[in-house]
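Before any comments, here is the structure.
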2 protein chains.
Amino acid sequence: MRLTTKGRYAVTAMLDLAINSSDSPVNLTEISERQAISLSYLEQLFAKLRRRKLVRSIRGPGGGYMLNATTDEISVANIINAVNESMDISRCEGRANCQDGQQCLTHNLWVDLSNRINSFLDDITIGQLIRQNEEQRKLRANQNDNHKIELNTIA
Amino acid sequence: MRLTTKGRYAVTAMLDLAINSSDSPVNLTEISERQAISLSYLEQLFAKLRRRKLVRSIRGPGGGYMLNATTDEISVANIINAVNESMDISRCEGRANCQDGQQCLTHNLWVDLSNRINSFLDDITIGQLIRQNEEQRKLRANQNDNHKIELNTIA
DNA sequence: AAATTACTTGAGTAAAATACTTGGTTATTA
DNA sequence: TAATAACCAAGTATTTTACTCAAGTAATTT
């Protein structure tokens with residue numbers, strides 16, 4: 001599991017797609033403009049997302065991309081792993097003394113941690129993120145309303 | 001929060017330090033050899049770790065580095081943030097329409113997620129990782145013993 | 001005090017990853 | 001058939017990573 005700006009671009013683009021897609025597809029030019037990511041870079045990212053079946057494409061005019069599953073079926077880990085295909089190969093792979101040596105105690109510790117991060121991000125879906133943000137927005141809106149009412153009452 | 005091989009090197013080195021330090025300091029040459037990380041790269045990483053007060057150095061013969069806090073006071077997030085100093089600047093920073101525009105809805109979603117990842121890794125200390133691994137090792141050892149006993153009994 | 005050891009610092013560099021550009025092609029729709 | 005948008009490939013500038021080399025500084029030992 002790696003977490004770089006590349007993964008962030010992919011998550012951002014997928015969130016944009018999720019938010020802006022109704023029943024009609026969203027084309028990459030729109031996402032490119034909204035999110036300030038170059039079109040061809042988006043093309044590269046979406047080629048990988050499509051290979052992992054996270055999105056499906058519709059060609060021709062009016063075409064674009066659609067999510068290939070519900071927002072609650074697509075995890076952040078799914079997206080990040082899709083665009084970071086090149087596996088992180090461990091250093092000590094192939095070494096004879098790997099299993100028992102001290103260098104591999106720490107290696108195992110890293111693998112454990114890496115797995116924990118992965119399963120953490122696998123439990124966060126883009127649906128969750130969007131709903132959570134929506135609720136926070138509502139909360140803030142209510143607080144503002146209350147504040148206005150208070151002020152009005154005082155005045 | 002970024003999670004790259006650089007952060008992994010730092011976490012690995014800190015775990016090595018935690019495991020191999022008694023009351024005397026551990027020098028970077030040892031860590032370099034055990035973990036197969038070049039000495040000068042370790043030097044750069046430890047300069048940053050020292051700036052963040054995660055380790056302290058003892059110079060001169062017999063010198064080296066020691067943890068500057070207990071293993072339970074040092075989180076994985078501490079280590080990773082120490083070596084990845086350059087803050088991830090958000091794309092839309094400074095843009096006028098950032099707060100309300102659609103591009104910043106997704107930006108906020110990303111920031112929320114980033115915060116969640118950060119606090120997740122801030123709750124994992126290197127002490128935890130080491131103890132957890134030790135317990136797993138014991139479990140496996142016991143299972144092996146039981147297996148041997150079973151085999152012996154059968155035979 | 002001199003020599004040694006070992007950490008410290010900085011400049012420079014090769015290799016890799018990132019982000020993008022260019023220039024196409026193929027499929028679909030109007 | 002003309003416009004649109006996905007698809008594809010090759011190439012490139014920039015940044016980051018990981019490292020080398022060299023000079024400097026501090027602490028210890030003899």
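In what follows, chains carry the letters A, B, and so on, assigned in the order in which the sequence lines appear, proteins first and then strands, with residues in each chain numbered from 1.
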Would you mind checking if A/Arg131 and A/Asp72 are paired as a salt bridge, meaning a charged N to carboxylate O distance below 4.0 Å?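 A/Arg131 and A/Asp72: salt-bridged.
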Whether A/Arg137 and A/Glu134 form a salt bridge (side-chain N of Lys/Arg under 4.0 Å from carboxylate O of Asp/Glu) is what I want to check.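 Looking at A/Arg137 together with A/Glu134, the answer is yes, because their closest N to O distance falls below 4.0 Å.
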Could you pick out which residue, A/Gly60 or A/Arg51, lies toward the 5' side of DNA chain D when each is mapped onto its nearest nucleotide?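 Going by which nucleotide is closer to the 5' end, it is A/Gly60.
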Regarding D/dT4, can its base be found pairing with the side chain of A/Arg59 as donor and acceptor, where the two atoms are less than 3.5 Å apart?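 For A/Arg59, whose side chain was compared with the base of D/dT4, there is no donor-acceptor pair (under 3.5 Å).
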Nearest-angstrom distance from the residue atom [atom1] of [X] to [atom2] of [N]:
X	N	atom1	atom2	value
A/Glu43	C/dC20	CD	C1'	11 Å
A/Gln44	D/dA5	CD	C1'	17 Å
B/Leu39	C/dG10	CG	P	17 Å
B/Asn84	D/dT15	CG	C1'	14 Å
A/Lys6	C/dT18	NZ	P	5 Å
B/Leu3	C/dA17	CG	P	16 Å
B/Lys48	D/dT16	NZ	C1'	10 Å
B/Leu28	C/dA6	CG	C1'	9 Å

Any side-chain N or O of [X] below 4.0 angstrom from OP1/OP2 of [N]?
X	N	result
B/Thr4	D/dT16	no
A/Arg2	C/dT18	yes
A/Thr5	C/dA19	yes
A/Ser57	D/dC7	yes

So B/Arg56, base contact, sugar-phosphate only, or nothing? Heavy-atom distance under 4.0 Å.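 The residue B/Arg56 makes no contact with any strand.
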Sugar-phosphate only, base, or nothing, as touched by A/Arg50 at under 4.0 Å among non-hydrogen atoms: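 The residue A/Arg50 makes sugar-phosphate contact but no base contact.
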Do side-chain atoms of B/Ser32 reach the backbone of B/Leu28 as a donor and acceptor pair under 3.5 angstrom?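 Not confirmed, B/Ser32 side chain does not pair with B/Leu28 backbone.
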side-chain contact (heavy atoms from CB on, under 4.5 Å) partner of A/Met66, the single match among A/Val26, A/Leu17, A/Val55, A/Ile58: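 The side-chain contact (heavy atoms from CB on, under 4.5 Å) with A/Met66 is passed solely by A/Ile58 among A/Val26, A/Leu17, A/Val55, A/Ile58.
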Measure from the side chain of A/Asn27, starting at C-beta and using heavy atoms only, and say which of C/dA27, C/dC7, D/dA5 lies closest.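 Of the options given, the side chain of A/Asn27 lies nearest D/dA5.
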Please identify which of these residues, A/Asp123, A/Thr125, A/Asp122, meets the side chain to side chain donor-acceptor pair (under 3.5 Å) condition with A/Ser75.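 Of the listed residues A/Asp123, A/Thr125, A/Asp122, the side chain to side chain donor-acceptor pair (under 3.5 Å) partner of A/Ser75 is A/Asp122.
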